[in-house]
A.B. asks: 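Submitted below is the structure of interest, expressed as structure tokens.
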Amino acid sequence: MTDVSYTPQSQEAEPSLRDYYELMKPRVMQLVVFTAVVGLLAAPDSVHPVIGFASILFIAIGAGASGSLNMWWDADIDQVMKRTAKRPIPAGKVQPGEALNLGVALSGLAVMMLALSANLLAAGLLAFTIFFYVVVYSMWLKRATPQNIVIGGAAGAFPPVIGWVVATGAMAVEPWLMFALIFMWTPPHFWALALFMRSDYDDAGVPMLTVTHGRPSTRRHILAYTVLLAVLAVGTGFTSIGGPIYLLAAVILNALFLKGAYDIWRRDEVIADQDDYAVEKKFFKLSLLYLFLHFGAILAEALLRPWGLGGW
């Protein structure tokens, strides 16, 4: 799998349902579900509630399958990193083979059932998303290049596109704007994390930008990507999925995000180490709220549009 050795801990008891649930990365699943729902409801075509619910459920299962397969593949480095050492496999609660079997089974189920409940295009996008996250990102990019997060971020950006396609059965520009929003948000979000978790990536041999190019370069990259993200996010406010609510939220959030990125860029490591990376941690927490509120604003515009209150 990699040159980082993995010695599984003994499994003292049968895995619980919670252990299997944790394999599926529930926090990531929540983000996937939310952005997929926004993509579905922001689409111009309505979908029957039962079909919509079933489709979101199968998208969530597909995300869980990806998480399980990622934990199977990354079991060796997960036990080295403090942030991931308590995950089910390195903690000895679940064996790697069980995670693999679960991930493969759920992948097949999710793709097949989405094809039956929605359409083949949505199912194909879900299958590609699982493949991209597991094979392209986890197996290749994550351990091969400091651009792992940049390119690999595409895997987490597909859910709103899939949700849109569930409703319309076709592609459009709007879901790709939502895709771009997540795609451009991912690097500064994870690089901020890497700034105060660098030893984890060093120990595991993962070529995160902080490891290969150093922290000053990472700080410059965070600022550059945040500037591009702000232009994209505010510009989206003038499109058909935007509106006054979204635009107001985008202006405020991106002003705060740009201020945070600027503060990170101008800091040196001595000061950051003295205050235990307080600014970087604050920026990381803001990044979580940033994406949720942007998509929440898109959702608000979509829900208010039938009453003539949302959009332009």
Side-chain angles (χ1 to χ4, degrees), residues 4 27-28 31 74 77-78 80-85 133 136-138 140-157 179-236 249-295:
V4 179
R27 291 184 181 179
V28 176
L31 179 61
D74 280 350
I77 62 175
D78 279 350
V80 177
M81 300 173 65
K82 295 177 182 178
R83 185 171 62 90
T84 57
Y133 183 69
V136 178
Y137 170 67
S138 299
W140 174 34
L141 294 174
K142 185 173 183 177
R143 310 188 191 211
T145 171
Q147 296 300 309
N148 46 20
I149 288 301
V150 177
I151 306 171
F179 173 98
L181 193 61
I182 301 173
F183 182 79
M184 293 300 296
W185 163 86
T186 302
H189 167 73
F190 276 101
W191 284 333
L193 174 66
L195 282 172
F196 59 85
M197 297 291 291
R198 181 185 171 182
S199 61
D200 267 10
Y201 296 108
D202 280 326
D203 295 342
V206 176
M208 189 63 75
L209 193 67
T210 48
V211 177
T212 61
H213 289 66
R215 296 188 185 186
S217 177
T218 302
R219 295 177 186 279
R220 292 193 295 270
H221 277 74
I222 289 175
L223 179 60
Y225 270 83
T226 302
V227 170
L228 296 175
L229 173 62
V231 173
L232 170 68
V234 174
T236 299
V251 169
I252 295 173
L253 287 167
N254 283 280
L256 293 173
F257 215 49
L258 283 168
K259 174 63 165 55
Y262 174 77
D263 289 342
I264 286 178
W265 169 71
R266 64 194 294 266
R267 277 160 63 86
D268 60 45
E269 293 309 309
V270 175
I271 296 176
D273 188 61
Q274 287 175 349
D275 65 12
D276 193 27
Y277 294 88
V279 172
E280 291 77 4
K281 291 177 180 178
K282 181 180 178 180
F283 181 86
F284 177 76
K285 292 178 180 178
L286 175 62
S287 71
L288 297 172
L289 190 63
Y290 175 98
L291 195 65
F292 173 78
L293 291 180
H294 273 84
F295 274 83

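These values consider heavy atoms only, across backbone and side chains, with no hydrogens, waters or symmetry-generated copies.
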A.B. asks: If we check side chain to side chain contact (heavy atoms under 4.5 Å, CB included) with Trp185, which of these qualifies: Leu229, Leu232, Thr226?
C.D. replies: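 Of the listed residues Leu229, Leu232, Thr226, the side chain to side chain contact (heavy atoms under 4.5 Å, CB included) partner of Trp185 is Leu229.
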
A.B. asks: Might you point out which heavy atoms bring Arg267 and Ala278 nearest each other, and give the distance in Å?
C.D. replies: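 That would be NH2-N, 4.1 Å.
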
A.B. asks: Rounded to the nearest 0.5 Å, what separates atom CG in Asn148 from atom CZ in Phe190?
C.D. replies: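 Taking CG in Asn148 and CZ in Phe190, the distance rounds to 10.0 Å.
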
A.B. asks: Please report the interatomic distance CG(Leu258) to CG(Leu223), rounded to the nearest 0.5 Å.
C.D. replies: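 The CG atom of Leu223 is 7.5 Å from CG of Leu258, to the nearest 0.5 Å.
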
A.B. asks: Is there a donor-acceptor contact under 3.5 Å from the side chain of Ser138 to the main chain of Tyr133?
C.D. replies: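 Answer holds: yes.
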
A.B. asks: Check Arg219 with Glu269, please: is the shortest side-chain N to carboxylate O separation under 4.0 Å?
C.D. replies: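 Looking at Arg219 together with Glu269, the answer is yes, because their closest N to O distance falls below 4.0 Å.
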
A.B. asks: Looking only at heavy atoms, what is the nearest atom pair of Leu181 and Ala233, with distance?
C.D. replies: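 Closest pair (atom of Leu181, atom of Ala233, distance): CD1-CB, 3.7 Å.
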
A.B. asks: Classify the ring geometry between Trp265 and Tyr262 as parallel (under 30°), tilted (30 to 60°) or perpendicular (over 60°).
C.D. replies: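 The rings of Trp265 and Tyr262 sit tilted, inter-plane angle from 30° to 60°.
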
A.B. asks: Angle between ring planes, Phe283 versus Phe257, binned at 30° and 60°: parallel, tilted or perpendicular?
C.D. replies: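 Ring orientation, 0 to 90° scale: parallel.
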
A.B. asks: For the residue pair His189 and Ile149, establish whether any side-chain heavy-atom pair is separated by less than 4.5 Å.
C.D. replies: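 No, side chains not in contact.
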
A.B. asks: Where do Asn254 and Ala230 come nearest, in terms of heavy atoms and distance?
C.D. replies: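 The pair with the smallest heavy-atom distance is OD1-CA, 3.2 Å.
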
A.B. asks: Taking it one step at a time, do Thr145 and Trp140 satisfy side-chain contact (heavy atoms from CB on, under 4.5 Å)?
C.D. replies: CA-CA 9 Å; Thr145 171; Trp140 174 34; over 6 Å; no

A.B. asks: To the nearest 0.5 angstrom, please state how far the NZ atom of Lys142 sits from the OH atom of Tyr137.
C.D. replies: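 The distance works out to 4.5 Å.
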
A.B. asks: What's the separation between atom CZ in Phe295 and atom CD1 in Ile182, rounded to the nearest 0.5 Å?
C.D. replies: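 Rounded to the nearest 0.5 Å, the CZ-CD1 separation comes out at 3.5 Å.
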
A.B. asks: Does the side chain of Val206 reach to within under 4.5 Å of the side chain of Val211, using non-hydrogen atoms?
C.D. replies: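 No, their side chains stay 4.5 Å or more apart.
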
A.B. asks: Nearest heavy-atom pair of Pro207 and Ala144: which atoms, and what distance?
C.D. replies: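 Reported closest heavy-atom pair: CG-N, 3.9 Å.
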
A.B. asks: Does the pair Thr218 and Met208 meet the rule for a side-chain contact (heavy atoms from CB on, under 4.5 Å), with working shown?
C.D. replies: CA-CA 9 Å; Thr218 302; Met208 189 63 75; over 6 Å; no

A.B. asks: Classify the angle between the aromatic ring planes of His221 and Trp191 as parallel (below 30°), tilted (30 to 60°) or perpendicular (above 60°).
C.D. replies: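 Because their plane-to-plane angle is over 60°, the rings of His221 and Trp191 count as perpendicular.
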
A.B. asks: Search all heavy atoms of Ala154 against all heavy atoms of Phe179 and return the closest pair with its distance.
C.D. replies: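 Here Ala154 and Phe179 meet closest at O-CE1, 3.7 Å.
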
A.B. asks: Do you know the tightest heavy-atom contact between Gly152 and Leu141?
C.D. replies: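 Nearest heavy atoms, Gly152 then Leu141: N-CD1, 4.0 Å.
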
A.B. asks: How far apart are the C-alpha atoms of Asp276 and Lys281, what are their side-chain angles, what is the distance that settles it, and do they pass the side-chain contact (heavy atoms from CB on, under 4.5 Å) test?
C.D. replies: CA-CA 9 Å; Asp276 193 27; Lys281 291 177 180 178; 3.0 Å; yes

A.B. asks: Once rounded to the nearest 0.5 Å, what's the spacing between atom CZ of Arg266 and atom CG of Asp263?
C.D. replies: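 CG of Asp263 is found 6.5 Å from CZ of Arg266.
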
A.B. asks: Between Thr84 and Asp78, is there a donor-acceptor pair closer than 3.5 Å when you use the side chain of the first and the backbone of the second?
C.D. replies: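 Yes.
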
A.B. asks: What distance do Leu289 atom CG and Leu253 atom CG have between them, rounded to the nearest 0.5 Å?
C.D. replies: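 It comes to 6.5 Å.
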
A.B. asks: Could you go step by step and tell me if Arg143 and Ile77 meet the side-chain contact (heavy atoms from CB on, under 4.5 Å) rule?
C.D. replies: CA-CA 10 Å; Arg143 310 188 191 211; Ile77 62 175; 3.8 Å; yes

